Each structure stands twice: as structure tokens, then as C-alpha cells.
Amino acid sequence: MGTESISGIETSVPSSIVQFHMLDQLRALARANSLWPMTFGLACCAIEMMSAGAARFDLSRFGAEVFRPSPRQADLMIVAGTVNKKMLEPVKILYDQMTEPKWVIAMGNCAISGGPFKFKGQYNVIEGVDSFLPVDVYVPGCPPRPEALIEGILELEEKITGTRRWPRVKPETAVKG
Amino acid sequence: MTLLAQSQLQETFELNIGPQHPATHGVLRVKVIMDGEYIVKAEPVLGYIHRMHEKMGENRTWNQFWPNLGRLDYLSAIAYNHGYAGLLERAMGIEVPERAEYIRVITVELNRLQSHLLWFGAFILDLGGFTPLMYAFDEREQILDLLESVTGSRLTYCYFRFGGVYNDVDDDFITGTRAFIKRLRPQIPMYHDLVTKNVILMERLVDIGHISADMCRKYGATGPVLRGSGVNFDIRKNEPYSVYPELDFDVPVYHECDSMARYMVRMDEMEQSMRIIEQALDKMPDGPVKAEKAPKILKPPKGDYHFAVEAARGTFSMRTVSDATNTSYRMRLRSPTYSNLSLFEEASRGMLLSDALAFMGSLDLVIPEMDR
Amino acid sequence: MLASEGLPPQKEVVEEVQAAEEGEVDPKAKKKEEEKPRENGLLETDYAKRGFHLDVQVNPDQVVRSAEILDSEGMTMEMVTGVDWLKDGQFEIVYDYSFTGGELFRVVVRCRVDREKPDVPTISEVFGGANWHERETWELFGINFVGHPQLERFLLPDDCDYYPLRKDFKL
Amino acid sequence: MSGYFSYLLNGIKSLAIGLKITNKEFLTRPITLQYPHESVKMAPRYRGHIELLMDSETGTHTCISCGMCQKGCPSNCITVKSKKVPGVKGKVLTAYILDFTTCSLCGQCVENCKPAAIDFSNEYNLASTRKEDFVFDLLQKLHPEGVPEPKVDPALLKKEQEKIEAAAKAAAEKKEAAAKAATEKEGEGGEKAEGKS
């Protein structure tokens with residue numbers, strides 16, 4: 001996986017005359033481990049998002065279980081599902097309402113590129129939320145497994161802090177029956 | 001006149017719920033006109049997840065339309081697969097091997113179980129109880145593991161094919177399913193102890209959200225909503241398809257017409273689904289899982305066809321107009337919650353807002369299926 | 001034999017409709033009569049092949065009457081939809097009814113309107129559930145349901161001006 | 001008054017039952033999967049994105065570049081590129097590009113593949129900060145150290161070369177003949193023209 005470790009510190013902290021690097025790093029670590037996602041289920045992927053939050057996959061191990069219905073209390077928007085033309089405005093409004101610093105995860109193929117609903121002459125689906133939102137992490141799949149969403153959150157953590165604290169999991173090689 | 005003054009004069013105000021609201025289970029929007037805490041008019045607004053399924057039916061070949069069926073109602077996707085398979089098998093006159101039909105029934109019922117479990121958890125979450133969600137998801141994950149070992153996906157199944165299923169089930173699946181049924185069986189009385197008999201739940205559901213049988217008929221409501229209104233109607237019994245006539249199960253019917261009745265119908269349906277799965281596992285014969293004569297390129301004869309199945313939320317029926325080419329001329333998907341929600345406006349009149357949200361939860365909505 | 005195949009000329013339909021309406025009063029009794037070969041108007045169809053028992057073609061002005069008859073029979077409206085027959089210059093409006101009180105019985109009522117002036121009366125007065133279905137059909141096809149209380153954009157954004165399910169639709 | 005107390009008692013009773021169940025669960029083992037430290041074993045049929053299968057005999061894939069996967073795909077996410085190499089039977093795959101971001105994992109490609117060259121992988125935890133990471137060249141993925149050159153069959157190469165030479169010869173002859181005919185024709189035409197005039 002291509003992981004350009006762009007440190008989120010420079011981009012998310014407003015420039016001031018005096019900066020404390022260690023403090024900033026600490027703050028980034030704190031932020032990365034207490035992401036509050038917004039409950040923002042659009043379609044199929046939302047169910048996998050719920051699964052990720054439920055007992056078995058337990059997002060709270062990464063500090064991201066506090067799903068907030070209000071955008072004012074959330075700092076992570078997980079776009080889980082298809083965004084269509086009618087939903088475009090509400091998504092924009094919700095994103096604008098979130099407080100800084102804020103991040104976006106595009107979960108599932110629909111959010112990344114329109115997914116299976118992208119075809120020639122289609123009239124209603126937005127082909128990728130990155131056309132109007134600054135997406136930080138993409139999680140492909142249709143829908144992605146909850147592990148993939150966790151991986152996305154870890155990826156975001158890496159983006160914010162610049163380091164990865166968790167081991168990487170390589171899927172076992174396929175033994176096809 | 002300012003808006004405020006206007007609303008004071010009329011003593012009503014408008015409230016917007018959604019499209020992003022925790023109580024609407026997705027991107028449903030409800031425009032509500034309120035008089036204090038009471039609803040004068042609640043108008044659902046759809047379309048926030050309209051995904052052009054019907055249009056896609058017209059510009060994809062019959063085989064290429066399969067993935068769409070898994071994404072309509074992602075909670076009972078296999079039942080939708082069944083509807084589409086049945087439709088084309090009816091149109092083309094394809095005979096399905098018996099083993100394939102049993103596998104279909106087993107997977108559909110497992111899928112129904114997980115759908116009802118998810119609804120159970122999410123519905124109680126609407127009412128303010130968080131714990132049951134965890135229990136329900138625990139059981140649900142077991143079902144998803146079973147289904148994943150057969151179909152390869154967790155949610156948006158694309159498992160059926162015209163004339164059979166994608167691949168056979170193995171012994172692990174059969175023993176796993178039996179073990180799971182054994183595990184789930186005692187859980188349901190536990191749910192009743194934990195949730196159903198709880199005073200708070202009773203207070204919020206009993207005698208709330210009254211839907212009469214006639215209203216159901218006028219609005220075309222089906223599934224647990226209809227059965228909670230005292231009408232004994234289930235496509236599996238009334239318009240038998242697949243191997244359902246060979247299986248012995250009851251259709252739970254409650255006559256109270258309230259939210260509690262709909263809740264109880266679904267809880268009882270879980271038991272019936274388990275019965276069906278057990279019987280189907282016992283009766284499943286050996287043999288092929290795919291019709292040998294199933295044509296690769298499908299061109300159903302001219303005309304229109306209709307097929308209905310009982311999905312987890314009610315009657316899902318498909319109507320297609322074929323012009324004897326390899327794509328459909330017109331594909332119409334009739335989704336149950338579309339009709340079920342259309343009675344919301346009438347049924348919620350005069351209700352308290354908090355009750356209306358509980359009532360909406362009892363309708364078991366899946367928004368992408370409604371918008372199609 | 002089906003109306004969608006044969007495309008009976010409108011005049012013949014008018015003559016047949018009288019018979020159709022009289023016959024419709026008791027669908028079950030009609031079932032027995034089905035052995036006789038029927039022409040336009042009312043058609044018995046092979047359920048195993050088609051998925052419905054009775055296929056009725058009426059004139060647009062008889063749609064409401066047919067809905068009332070089926071309502072009095074205790075049938076429920078399952079869906080309303082349209083079909084765009086571009087090469088005939090017509091829209092077809094299809095109403096699906098089913099009987100949920102017991103043994104299943106499905107009736108399809110269809111009517112054709114001119115593509116240039118697609119007007120058909122609404123049945124939302126008879127079946128409340130038809131409201132949304134008609135609204136959707138209006139939105140996707142542009143078929144005008146006369147007397148419908150709320151023909152507004154439903155699934156699509158408020159500002160769009162196209163009818164996506166028309167066969168000549170191009171974005 | 002008694003109604004009030006019975007109501008209260010009922011409430012306490014249902015609370016007690018609920019707490020009993022919760023407490024029982026308190027003592028059971030947690031079911032949480034500690035994901036990055038332990039991972040679930042994927043079912044053999046799990047559908048990840050598709051991949052080219054390694055054939056142990058030839059040491060490479062068995063794709064014949066027929067393009068059936070590309071044709072059957074509902075969302076046009078597969079592009080098969082191939083070219084003709086002298087001395088190799090059939091076409092040679094040069095790139096198998098999968099745009100996973102539009103895939104719906106329906107399995108039409110795997111089903112359509114006659115030589116069973118592709119199958120679902122079990123990659124279940126993809127995530128990246130770049131969208132382009134999900135457009136895979138499956139051929140590159142199969143041979144990360146470099147795609148091996150296709151094995152040239154000398155007999156076939158010879159045959160082909162002979163064929164080409166023969167064809168070239170034939171073409172040359174044809175050309176010659178044509179030229180000859182043209183000159184003759186010209187001559188004839190000239191004669192005719194002369195005759196006419």
C-alpha cells in the first residue's frame with residue numbers, strides 16, 4: 001500500500017509565531033486516538049460501520065467508538081455509501097458544520113468513485129466524494145469488511161501522527177478449494 | 001409577517017427531521033408540522049439515496065443485473081436474489097434442481113434471521129436501550145460468518161444464478177448452521193426476558209402506532225406490518241414458491257395492530273425461520289446445484305412477467321417487460337418498505353413526536369430499498 | 001396474445017372494455033370462464049408462466065372505475081408503474097393488484113396513453129398507497145396523473161427537469 | 001394506589017431480570033477480535049478483489065486474453081491488454097488492469113473465465129490515502145519482480161517465420177503479378193485507347 005506519511009501537524013495547526021514540536025506531536029497523538037466519527041450511514045456500508053462499532057470488532061479499542069449524531073461534536077466523517085445529487089447539499093452542509101480539525105474517510109466503492117452505480121449516462125450518482133470533500137483515507141470494498149474500516153482508521157492515525165503504532169496485517173495467501 | 005409571528009398565529013411549527021438523523025436509519029427525511037409535541041402532518045421525503053436501479057435494469061444484460069439485487073435491501077439481499085432468479089426462471093421456464101432450492105431456502109432464512117436481529121438491535125437503540133444491540137450483533141456475526149463461507153460476502157450477496165446457485169454448500173456449513181441454531185434458540189427467550197418484558201418498552205410500544213388492516217390494504221403494506229394488523233398473509237404460504245410448500249412452519253399473526261404487535265411478529269418469525277432451516281437441512285437431497293440446461297445467454301420470450309417473494313420486510317415483487325433481447329425493456333422493483341412507509345403520513349397524525357419515531361422504527365425501514 | 005405484444009388498436013379496446021367491466025365484478029367467477037378464448041380487454045393469463053391471473057386493458061377514463069371495483073372486492077394495490085413504448089408513441093400505465101385476504105389472486109390493469117399528451121386520472125382517492133407510486137411514475141416518465149394531490153419531485157432533486165426512464169432520455 | 005405500587009414493583013422486577021442477564025454476560029469471555037494483533041482466517045470462498053492465479057506448471061498465469069471477463073463485467077472495471085508475440089501460441093497478456101473502486105464483487109468475471117485464470121483473492125483490509133492505489137495491474141501483482149518473457153516455441157517460431165516469409169513471398173508475387181497485369185492492362189488499355197482513337 002502506498003503510504004506517504006504526510007504529517008497532519010503542519011496542515012491542521014494554524015501557523016503561529018512560536019511552535020512547540022513535542023507538544024504538537026502529543027496533541028496529534030491525542031487527536032488520532034480519540035476520533036469521534038459522525039453516525040452517517042448512507043447505504044450498505046453503514047451496516048458494516050455499525051458492525052465495526054459493535055462487540056466483535058469494537059472500534060473503541062482505537063478510541064473511535066463515540067458515534068455522534070451531531071456534526072458539531074464529531075471530527076471524523078465516514079462517508080459510508082452512495083452520495084447522490086439530492087444528498088450532495090446535505091453532505092456539504094454537514095461537513096461544513098463539523099469543527100476543525102476534521103477528517104474524511106471515504107468508505108466503500110460508491111464513496112470512492114460511484115462504485116457499481118457508475119455507468120455511462122447515469123443521472124443521479126456523484127462519482128466519488130473526493131470531488132467535493134477533501135478525503136483523507138479511502139477504504140475500498142463493496143462493502144469493505146469491518147477490518148478494512150479499522151485499517152482505514154489506523155491509516156488516518158498514521159496520517160495524523162506520522163507514525164504507525166499498530167502492526168500491519170497481511171492476509172493469508174489464498175488456499176482455494 | 002415574520003416566520004415566527006406566523007407560526008405563533010397558527011400555533012403550529014414545522015420541524016425537519018433528517019436526512020441525517022439517528023432515528024431515521026439512514027437518509028430519510030421527514031417534514032413534520034407540529035402542534036406542540038403533537039404531529040399534525042408528517043410527510044416523508046425520499047430520494048436521498050436514489051440509485052437508479054430501474055434504469056440500470058434497462059442497460060445491463062440479465063446476468064449483469066445480479067449485483068444490483070444485493071444492494072437494494074442489503075439486509076435481506078438473498079431474498080431479493082431469490083426474487084430475481086425466480087422471475088427469470090419463470091420467464092424462461094428453467095427447472096431448478098431440488099438441492100439448489102433447498103440451499104436457497106436455507107440461505108434466505110438465515111438472511112432473514114440476521115435482518116430481524118439487526119432490526120431488533122437497532123429498534124431498541126431507537127428507544128434508548130444500547131445493550132441489546134451488542135447481543136444482536138454478536139449473533140448476527142455468527143450468521144454472517146456462515147453466509148460468508150458459502151457466498152463469499154457479508155452483506156451484498158450475489159450468490160444465486162439463474163437455474164441454481166453459484167456454488168454448493170459444504171459439510172462445514174451444514175454442521176455450523178445446526179450448531180448456530182442450537183445456540184440461537186435459547187437466546188430468543190433471553191431477549192424476551194431482557195427486552196420484551198421490560199416495562200419501559202411496553203410503555204413505548206403497546207397501543208402506539210395503530211394501523212388497521214384496512215389501512216394496510218389501502219396502502220399495500222405487507223410483511224410484518226400487515227401480519228401485526230391481524231392479516232394472515234405471507235407470500236411463502238399464500239403464493240408458494242421454491243420448496244416452501246414442503247416445509248412446515250407457521251405464520252405469526254397478531255391482532256393488536258400496534259407497534260408491539262409488529263415487534264412480536266418479527267420475534268416469532270425468527271423462531272419460524274429456525275424451524276424452516278432445520279427442516280430444510282434435514283430434507284436437503286444430494287445432487288447438482290445448477291440446472292444443466294440453463295442457457296448462458298438469456299433471451300426471455302416477449303411479454304411481461306411478475307414474481308413475488310417474501311423478503312424480511314414484506315412482499316418484494318419484480319415485474320419485467322422483456323422484448324426478447326438480452327436486456328430488460330423495463331424493470332420494475334416493488335419494494336415493501338416503500339408501501340409500508342407511505343401509510344406513515346396517515347397513521348402518525350396526532351401522535352406524539354417521540355412515539356412517531358418509535359413507530360417508524362417498528363416499520364423496519366431500509367432506505368436504499370425504498371428509493372431504489 | 002398479451003396486450004403488450006399484440007398492441008391492439010385503440011378502437012377495438014373501446015369496444016371490448018364494456019365487456020371487461022361487466023366481467024370484472026367477480027374475478028373468481030371470471031376464472032371459470034377463462035377457458036373461452038378472449039380477445040382484448042380481459043385476458044386470462046397462465047399464472048405459472050406470467051405470474052398473474054388476470055390481465056385487463058382499459059381506457060384511461062376507466063382506470064378509476066376498475067380500481068373501485070377491485071377495491072370493493074377487497075384487493076390491494078401493489079404497485080403502479082409505467083412503460084415507455086417509444087416506437088408506438090405511447091405510454092403504458094400498469095397497475096398491479098393482488099388479493100391478500102386468502103388464496104392469492106393477481107390482477108394487472110393496464111392502459112395506454114398518447115406519448116404527446118400523457119394524461120390519466122389518479123386512483124389515489126381509491127387507494128391511498130397509489131399516491132407515492134403515481135408520483136414516482138410521474139417523476140420518472142412524465143405521465144400526468146390528473147387530480148393527483150401532489151405531483152412534485154420525489155426521488156430526484158427538486159430542480160431537475162428530465163424524465164430519466166423515458167427511452168429517449170439522454171443526459 | 002395499589003396500581004402505583006404494582007407498577008413500581010414491575011419496573012424493579014424487569015430491571016432485576018435485565019441486570020441478571022447482563023451480569024451473567026459479565027463473566028463470559030469477551031468475543032472481541034483483537035484485530036491488528038490477531039486476524040480472522042478468511043473463508044476459502046471469501047471474495048476480495050480478483051487476482052490472476054499462479055499456475056505451478058508454467059510458473060505464470062493461464063490467461064488467454066479472450067476478454068470474456070471484460071465483456072461480462074457489469075461495471076467495466078477490467079481492462080485486458082494483450083499483444084501478439086512471434087513464436088507464442090495465441091495472444092500474450094501485457095497488462096490486466098482492475099479498477100477495484102468500481103467493482104461490485106459479483107463474480108461474473110470468475111464465472112466467465114474458461115481457463116480459470118482468475119479467482120477472488122482474500123485481501124480484506126485494503127485502505128490507503130490515495131485512490132490510485134486501488135487500480136491494480138494484476139499481472140504486475142502476480143510477478144512483482146518482473147513479468148517473465150513468454151516462452152517462445154522454436155518450432156512454432158520457425159513455422160510462423162516460414163508462414164510470414166511465404167506470405168511475404170506470396171504478396172510479392174501477387175504484387176508482381178498485379179504489376180504485370182497492370183502493365184499488360186495498361187498496354188491493352190493503351191492499345192484499346194489507341195484503337196478507340
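Just so it is clear, the structure is predicted and the values come from calculations on it, not from any experiment.
- Heavy-atom distances place the side chain of C/Arg106, and not its backbone, under 4.5 Å from chain B.
- With chain C as the partner, the residue from B/Tyr305, B/Tyr338, B/Tyr219, B/Tyr48 showing the most heavy-atom pairs under 4.5 Å is B/Tyr338.
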Tell me, with the steps shown, if B/Thr325 and B/Asp323 meet side-chain hydrogen bond (donor to acceptor under 3.5 Å, both in side chains).
CA-CA 6 Å; B/Thr325 57; B/Asp323 56 350; 2.9 Å; yes
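- Salt bridge status for B/Glu310 with B/Lys237: absent, with no side-chain N to carboxylate O gap under 4.0 Å.
- Taking 4.0 Å as the cut-off between side-chain N and carboxylate O, C/Glu78 and B/Arg319 do not count as a salt-bridged pair.
- For C/Phe154, the ring-ring contact (aromatic ring centres under 6.0 Å, His included) partners two or more places apart in sequence, or in a different chain, are C/Trp132.
- Using a 4.5 Å cut-off between heavy atoms, B/Thr315 touches chain C through its side chain atoms alone.
- Counting heavy-atom pairs closer than 4.5 Å to chain C, the top-ranked of the candidates B/Glu239, B/Glu346, B/His50, B/Met215 is B/Glu239.
- Judged purely by distance below 3.5 Å, without hydrogens or angles, the side chains of C/Tyr97 and C/Glu73 never pair a donor atom with an acceptor atom.
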Under the side chain to side chain contact (heavy atoms under 4.5 Å, CB included) rule, what do B/Asp364 and B/Thr337 come out as? Steps first, then yes or no, please.
CA-CA 8 Å; B/Asp364 192 5; B/Thr337 43; 5.7 Å; no
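- Comparing C/Val108, C/Asp84, C/Asp71, C/Leu156 by how many heavy-atom pairs each has under 4.5 Å with chain B, the most go to C/Asp71.
- Salt-bridge check for C/Asp88 with C/Arg112: passed, with a basic side-chain N closer than 4.0 Å to an acidic carboxylate O.
- One finds a salt bridge joining C/Glu68 and C/Arg65 here, because a Lys/Arg side-chain nitrogen approaches an Asp/Glu carboxylate oxygen to under 4.0 Å.
- Interface residue C/Arg135: only side-chain heavy atoms are found under 4.5 Å from chain B.
- Residue contact with chain C, scored on non-hydrogen atoms closer than 4.5 Å, is absent for B/Leu343.
- Of the listed residues (C/Arg153, C/Lys49, C/Met77), the greatest number of heavy-atom pairs within a distance under 4.5 Å of chain B belongs to C/Lys49.
- With a threshold of 4.5 angstrom between heavy atoms, B/Leu87 does not approach chain C through any atom at all.
- Neither the backbone nor the side chain of B/Glu89 comes within less than 4.5 Å of any heavy atom in chain C.
- Neither the backbone nor the side chain of C/Glu139 comes within contact range of chain B; no heavy atoms are under 4.5 Å apart.
- Residue contact with chain B, scored on non-hydrogen atoms closer than 4.5 Å, involves the side chain of C/Asp96 exclusively.
- In this structure, chain C has heavy atoms under 4.5 Å from both the backbone and the side chain of B/Pro44.
- Comparing B/Lys218, B/Met52, B/Met370, B/Glu345 by how many heavy-atom pairs each has under 4.5 Å with chain C, the most go to B/Lys218.
- C/Thr76 and C/Thr100 form no side-chain donor-acceptor contact under 3.5 Å, judged by distance and modelled atom types alone.
- When heavy atoms are compared at a cutoff of 4.5 Å, B/Phe307 does not approach chain C at all.
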